Structure formats: structure tokens, C-alpha cells
Protein chains: 2
Amino acid sequence: MNAKQPPAKKAPSSRPAGVVTLEQVAEAAGVSPSTVSRILNGTAAVSQAKKDAVQAAIRDLGFQPNPVARGLAGGRTLSIGVVTQIISSPFYGEALLGIERELERAGYVPLFVSGNWHEDDERKAIEALLSRRVDGIIVLAGRLSNEKLVQLTTGLPTVVVGRQLAGPKLYSFGFDNRLGARLATQHLIEQGHRRIAFIAGDLLHDDAVERQDGYLDAMAAAGLPVDPDLMVQSDFTAAGGMLAVSRLLERTVSFTAMFVSNDEMAMGACLGLHRRNLRVPDDVSLVGFDDVVMARYTMPPLTTVRQSVYEIGSEAATAMLAMLNGGTPKAQLQTPELVVRESTRRLLR
Amino acid sequence: MNAKQPPAKKAPSSRPAGVVTLEQVAEAAGVSPSTVSRILNGTAAVSQAKKDAVQAAIRDLGFQPNPVARGLAGGRTLSIGVVTQIISSPFYGEALLGIERELERAGYVPLFVSGNWHEDDERKAIEALLSRRVDGIIVLAGRLSNEKLVQLTTGLPTVVVGRQLAGPKLYSFGFDNRLGARLATQHLIEQGHRRIAFIAGDLLHDDAVERQDGYLDAMAAAGLPVDPDLMVQSDFTAAGGMLAVSRLLERTVSFTAMFVSNDEMAMGACLGLHRRNLRVPDDVSLVGFDDVVMARYTMPPLTTVRQSVYEIGSEAATAMLAMLNGGTPKAQLQTPELVVRESTRRLLR
DNA sequence: TTGTATGCGTTATCAC
DNA sequence: GTGATAACGCATACAA
């Protein structure tokens with residue numbers, strides 16, 4: 001025995017009662033901590049006997065590895081940063097759900113941060129995630145320039161949704177907004193509409209631009225003139241949609257249909273039209289975009305372009321997990337689909 | 001110089017490039033790591049000179065403390081677990097935003113997990129948070145029995161929203177659902193309605209029960225008989241609201257107004273009524289609950305009971321921070337407020 | 001196949 | 001005031 005007094009062990013401190021450490025498991029199983037670790041991570045082959053003993057000990061003691069310590073030691077935190085824009089929007093909410101569910105299955109936890117459609121907030125959000133040592137970052141759309149984004153996240157596995165950009169450890173996939181918008185506009189054209197107004201989202205945003213392009217495509221393909229007075233820019237919010245309708249009507253242009261770049265704006269637009277005594281779909285046919293859950297329950301139920309936001313989220317998570325496991329994620333781009341409900345009708349005149 | 005070869009330092013491993021450690025700051029400032037730590041945490045007095053030097057070094061090197069290491073060493077992870085039910089619901093989304101914003105100001109990060117209105121999921125969610133060593137847990141409503149909740153979170157600062165329960169390190173506050181429901185029902189009564197239907201939320205849930213009680217209160221206070229046939233139970237979703245209307249109408253009861261326990265169900269109910277050729281508010285006046293953002297943009301805009309979900313979230317976060325700082329959070333219960341829009345009107349007959 | 005030793009970046013305890 | 005030094009709980013390089 002050593003004559004020197006062993007230094008008093010640091011008080012058990014804040015470790016919650018009943019929390020078992022790997023070391024205790026090792027002791028109980030009669031093996032070394034490293035062996036336990038190996039079994040836990042499948043890092044190396046271990047004899048079946050010890051494996052059994054350890055697993056029994058783990059069960060008996062109710063051991064749960066401490067992710068914090070794991071993070072420090074192994075450099076993995078088992079957490080994935082998710083940069084969303086407005087966590088409270090119905091659109092993002094569903095995507096987050098998809099991400100959460102998928103990550104959970106692999107033992108990862110998402111860390112959600114909001115960028116608020118603001119470049120600076122977004123940068124800060126990403127920096128916060130980096131400082132938390134997340135194992136990867138999923139970015140849903142956003143304002144940050146591609147260069148800055150790539151620069152900020154270099155080295156870290158990154159999945160970007162809604163933009164196309166390449167880089168090492170970087171995977172991006174989008175949604176065919178342009179095709180979706182074309183489908184929406186075509187639908188209106190097929191119903192006999194010729195004067196079709198368009199409400200754009202925030203054009204600083206790729207999605208918004210692509211949807212606008214789709215609208216223009218369809219108009220051109222049908223040989224319809226595009227009247228700039230029929231186009232308004234807005235911001236993807238319901239309030240913005242309502243405002244956009246006001247601006248449109250102030251121009252005293254006439255139109256019989258309207259394609260709105262997302263469902264929330266479409267709801268606002270619907271109310272805006274109503275305020276001017278224009279009925280949907282009797283006076284104006286209306287098409288939205290996204291097929292948010294609520295689109296099914298608006299009055300009237302909204303014709304819109306379906307993109308499964310939930311699936312987009314889970315796809316992103318799947319891609320992330322694939323990268324983390326050293327694999328290569330594969331694109332699984334959904335094709336947009338028009339969902340015809342009751343906000344559109346054939347032009348009778 | 002030591003003759004003994006210093007053991008090759010472990011390869012810089014996974015530490016992201018350009019990441020500075022506290023030790024490097026200490027070296028640059030010519031002080032010991034402890035001193036840097038003290039300055040960072042205000043743990044002890046430090047001479048102004050060193051303080052300046054360290055702060056300069058921190059700035060120059062762009063040092064950011066590693067929360068993971070902090071978590072291991074100090075037992076604090078600067079993260080707060082948030083148990084929500086459905087992250088994608090508009091209701092919870094806003095609350096989460098409030099929480100996120102408020103925590104961010106104090107350098108904390110929320111970890112969101114969903115309980116899915118399911119006792120088992122909720123337990124697992126909380127366990128996941130515990131294993132992550134969050135510094136505290138905020139629970140938004142939920143299914144877990146009070147006892148289990150208290151048991152699960154013992155020791156950890158906990159804020160529970162939407163339930164009343166006491167305990168050490170436990171703070172709970174709610175919203176006066178009963179009063180809110182009374183206000184809603186009274187409004188309808190004042191408008192001359194006597195046959196007022198009621199759609200309840202999931203009655204396993206306190207909120208739902210309280211809102212139902214409020215409805216009953218108001219009816220009783222006005223001396224109106226409560227017809228059980230006018231009451232249906234549902235589940236707080238739009239789909240459920242629509243279904244509830246069907247069930248109600250199958251009973252061939254008559255009513256001129258309807259109080260629905262939340263806005264999402266109200267939207268579903270509105271559509272359900274429309275399907276049966278009942279117009280809101282011409283044939284049926286409709287009141288919702290929550291004043292979700294979209295309530296302003298439904299057709300017609302929904303009369304509802306306002307509870308600032310965002311504020312509830314930030315209140316919860318504020319309470320959490322107060323507990324973490326050793327203080328005692330104080331109740332700041334908002335009073336519900338009726339927002340009259342266009343889904344209700346005076347009964348003319 | 002297994003154990004020992006060391007380090008991850010920080011805080012906390014102690015002695016000076 | 002300040003600086004060594006020992007944890008925190010785990011993963012891993014290396015030796016056995």
C-alpha cells in the first residue's frame with residue numbers, strides 16, 4: 001500500500017444519482033474499461049464470454065454511456081445541428097419532425113437553431129452549432145451565400161436542402177420547384193385561364209426564383225404574354241400574401257387566376273381577395289405551393305403543389321447518417337405533384 | 001531538456017481546424033489556464049492586468065469555449081431539454097421560438113424532443129435528455145403522470161407548462177384555460193346564442209378538461225341547459241375537428257354556435273360545416289382557442305381566445321434561467337383575452 | 001484478444 | 001491573486 005495519502009476523490013459532484021459509469025460496468029463484469037468501450041462501439045473483436053458478462057452488467061446496472069464524455073474523448077457528440085429559418089412555420093415544423101424521427105433511430109439528437117431568414121443570424125446559428133461540436137449540419141434553405149456556407153462548415157459533414165452546391169463532405173439536394181410551379185401554372189391554363197397573376201416569395205431565395213421561373217416557363221409554353229403588372233413579390237408569410245393582393249389590385253389589372261408561391265401566402269391572398277369581394281374560386285382561381293397540412297382545411301381547400309416536407313426532412317437526415325457512416329448519400333429527389341382541391345375552377349366565359 | 005522522448009501527442013484528431021483551446025489562450029496571455037477559466041466564469045477575482053491580457057488573447061485567437069469539455073468538467077452543458085408534443089404543430093412551434101430566443105440570450109441551447117402525445121415516447125424523450133446531461137428540462141404539457149414526471153426529473157431544474165404540480169427544483173405554471181373558455185362561451189351567449197355546441201380536445205389532457213369546464217361554467221352561469229348531445233370529444237387536430245362536426249350533425253341536434261377547443265380543430269370544423277352547407281358565421285358562429293397565427297387568415301378570420309404562445313415559451317425559458325441562477329421564478333400568468341374577428345355574429349332570430 | 005496509459009478541454013481543489 | 005494538478009467519463013494507441 002502506498003504511504004502517500006491518495007488524494008481525496010473529487011466529491012461525486014453533480015453526477016445525478018443512480019448514474020452508472022463505464023468504469024463501474026467494467027468492474028462489475030470483471031473486465032477493463034477498454035473492453036467495455038470496445039463492445040459498446042464494436043471497435044474490435046471481443047470474446048463472447050466477456051461480451052456476455054459486460055452486456056449483463058450493462059443491463060443490471062442500467063448503464064447509459066455519457067454522450068458528453070463521448071464527445072470529448074471521441075470527438076463525436078452524436079448530435080446534428082439543424083439550421084432552420086423559422087422554427088414556428090408549419091413548413092419547417094414538418095421537416096424538423098422528419099429529421100428528428102430519422103436521427104433518433106440512429107441515436108443522434110438534432111439541435112435546432114433558427115436563422116430567421118437573416119444572413120447574420122444564420123451565421124451565428126452555424127457558429128453556435130460548431131462550438132457545440134455537432135457531428136454534422138443540416139441546412140434548410142437559408143440566406144447565407146454558398147461560399148460562406150461552404151467556408152463555415154468545411155470539414156464537417158453537411159447536408160444542404162433546397163440549394164445545389166458541391167464540396168467535400170457536402171451533400172445537397174433540392175426539390176424541383178421549377179417543375180412544381182410549371183405544373184401549377186399549367187393547371188390554371190388548362191382550366192382556361194389566361195390572365196394569371198403570380199405572387200413570388202422572397203426572391204433573395206432560390207426557391208422563390210425557381211418557382212417564378214416555373215411560372216414564366218408555363219406561360220411562355222402556352223404562348224401567353226407575361227404582364228409584369230401581374231407579378232408581385234412578397235415574403236412567404238400569410239400577411240405578405242394579403243398585402244400582395246392589395247398591391248396587385250391597386251394596379252387595376254384584371255386576372256381570373258393566381259398562382260401563389262406558398263400555401264401560407266395563398267391563405268393570406270385568399271383573405272385579401274375576399275376583402276375586395278373577389279371569391280375563390282368563383283372569381284379567382286388560386287393555387288398554392290407546398291401542401292402544408294392546413295391546405296386541406298382552408299376555405300375552400302387549397303389546390304397546391306405537393307412536396308412532402310416530412311420526407312424532405314427525413315431524406316436529409318438519412319443522407320446525413322450515410323455520410324457519417326462513410327457512405328455516399330444518394331439523391332432521392334421527389335417529383336412534385338399537383339393536388340387539385342377546390343380553390344381552382346374552369347374559367348367559364 | 002528532458003532526455004526522455006515525450007510521448008507523441010495524439011494526432012490532433014478531429015478537432016476542427018482553427019479551433020483554439022483555453023490552454024492556448026493562457027499561453028498567449030502568459031497566464032495559467034486556471035486564470036483564464038476564472039475570468040471566463042467570474043469564479044474568482046483576477047487582477048485587471050491579466051484580465052486585459054487574457055481578453056485580448058481571446059479576441060486575437062478567436063477563442064470559443066468548448067461546451068462539451070465544459071459539460072464534462074463542470075457538470076453544466078449549457079443546454080436545456082425541451083419536451084414538446086408535436087414539434088410540427090403551429091401551436092408548439094411558436095412556443096419553441098419563444099424558448100429558443102430567450103435561452104439564446106443566456107448562452108443556452110434548447111434540445112427539442114417530441115413526446116407525440118404518447119406516454120412512452122415522452123418518457124424516452126426525457127431519458128434521452130437526461131443522458132445528454134441537460135442542465136434543465138422544460139416540459140410543455142404532455143401525458144406523463146405527475147408522479148412519473150417528478151420522479152424522472154428529480155434533482156434537475158424543471159419547468160412544467162400547462163400543469164400545476166409542486167416539487168423541489170420544480171416550477172410549473174399554466175394558462176387560465178377555464179377562464180378563456182368561459183370568455184369564449186360568454187361571448188356567444190351575449191350574441192344571443194343559446195344552443196351552443198362544444199368540441200372538446202383530447203380529454204386525457206388537462207387543458208382540454210379545463211376548457212370544457214369553462215364552457216360548462218358559462219352555460220350554467222347563464223342558466224342555459226347543457227345538452228350532452230351538443231358536446232363531442234376530439235383530438236386537437238384539424239382532421240379531428242372536421243370529424244367532430246360530422247358526428248355532431250349525425251345526431252340531428254340543432255345549434256347556432258360552436259365553441260371549439262383549439263384553432264386547428266376550429267378550422268377543420270369550419271370546413272366540416274361548409275360541407276353540410278352551414279355557413280360561418282351566417283348559420284353557425286364559431287369560436288376557437290389559442291389565437292394561432294393562422295387564425296387571423298382563415299375564412300372567415302376566426303374569433304378566438306388569445307394566449308400568447310410565444311410568451312408562454314419565453315416565460316418558461318425565463319423561469320428556467322432564474323432557477324439555474326439560484327433564484328426563484330415568479331409566476332407571470334397571462335390572462336386570456338377574447339379576440340373577436342369575423343367567425344361570430346349576433347343571432348338574429 | 002485484452003489491459004494499461006494517456007488525452008480530449010475544461011472546471012475545481014488545493015497549496016502557495 | 002495565482003498556478004499546479006487532479007478529476008469529469010470515455011475512446012484509443014500501444015504494449016502485452
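Convention: sequence-line order gives letters A, B, ...; per-chain numbering from 1. Computed from a predicted model, the values in this text were never measured in an experiment. All heavy atoms count here, side chains included; hydrogens, waters and symmetry mates do not.
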[X] [atom1] - [N] [atom2] separation (whole Å):
| X | N | atom1 | atom2 | value |
| --- | --- | --- | --- | --- |
| I39(A) | dA11(D) | CD1 | C1' | 14 Å |
| L40(A) | dC10(D) | CG | P | 8 Å |
| R132(A) | dG9(C) | CZ | C1' | 14 Å |
| K50(B) | dT2(D) | NZ | P | 5 Å |
| R70(A) | dT12(D) | CZ | P | 10 Å |
| R76(A) | dG9(D) | CZ | C1' | 15 Å |
| F63(B) | dG9(C) | CZ | C1' | 8 Å |
| L22(A) | dT12(D) | CG | P | 12 Å |

What distance separates [X] [atom1] from [Y] [atom2], expressed to the nearest 0.5 Å?
| X | Y | atom1 | atom2 | answer |
| --- | --- | --- | --- | --- |
| L97(B) | F112(A) | CG | CZ | 13.5 Å |
| R163(A) | L140(A) | CZ | CG | 10.5 Å |
| S32(A) | E23(A) | OG | CD | 10.5 Å |

Work out how much the helix from dT1(C)-dA16(D) to dC16(C)-dG1(D) bends between its end axes, five pairs an end, to the nearest 10 degrees.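 That helix gives 40° between its end axes.
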
Between the side chains of R101(B) and N116(A), is a donor N or O closer than 3.5 angstrom to an acceptor N or O?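 Yes, because at least one side-chain N or O of R101(B) sits under 3.5 Å from a partner of the opposite role on N116(A).
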
Closer to the 5' end of DNA chain C via nearest nucleotide, is it T43(B) or V46(A)?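 Its nearest nucleotide lies further toward 5', so the answer is V46(A).
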
Would you indicate what [X] reaches in the nucleic acid, counting non-hydrogen atoms under 4.0 angstrom: base, sugar-phosphate, or nothing?
| X | answer |
| --- | --- |
| T35(B) | sugar-phosphate |
| S47(B) | sugar-phosphate |
| P65(B) | sugar-phosphate |

Could you list the residues that satisfy salt bridge (charged side-chain N to carboxylate O under 4.0 Å, His left out) with E127(B), not counting sequence neighbours?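 E127(B): salt bridge (charged side-chain N to carboxylate O under 4.0 Å, His left out) contacts with R123(B).
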
Between S172(B) (side chain only) and L165(B) (backbone N and O only), is there a donor and an acceptor less than 3.5 Å apart?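 Answer holds: yes.
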
Side-chain N or O of [X] less than 4.0 angstrom from OP1 or OP2 on [N]?
| X | N | answer |
| --- | --- | --- |
| K51(B) | dG1(D) | no |
| N66(B) | dC8(C) | no |
| S37(B) | dT11(C) | yes |

Where each residue is assigned the nucleotide of DNA chain D containing its nearest heavy atom, which of A45(B) and A69(B) is assigned the position nearer the 5′ end?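 It is A45(B) whose nearest nucleotide is closer to the 5' end.
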
Side-chain donor/acceptor contact of S34(B) with base of dA4(D) under 3.5 Å: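 Check passes, donor-acceptor contact within cut-off.
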
For the base of dG9(D), is there a side-chain donor-acceptor partner from R133(B) under 3.5 Å away?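 Under the 3.5 Å cut-off, the side chain and the base do not form any donor-acceptor pair.
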
Return the orientation label for the W117(A) and H205(A) ring planes: parallel under 30°, perpendicular over 60°, tilted otherwise.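 Perpendicular, since the angle between the ring planes exceeds 60°.
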
To the side chain of V31(B), which of dG3(D), dT11(C), dG3(C) is closest?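 Within the option list, the nearest is dG3(D).
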
Considering only dA7(D), dG3(C), dC8(C), which nucleotide approaches the side chain of R38(A) most closely?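 Among dA7(D), dG3(C), dC8(C), the one nearest the side chain of R38(A) is dG3(C).
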
Ion pair E119(A)/K148(A), N-O distance below 4.0 Å: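 Result for this pair is yes, salt bridge flagged.
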
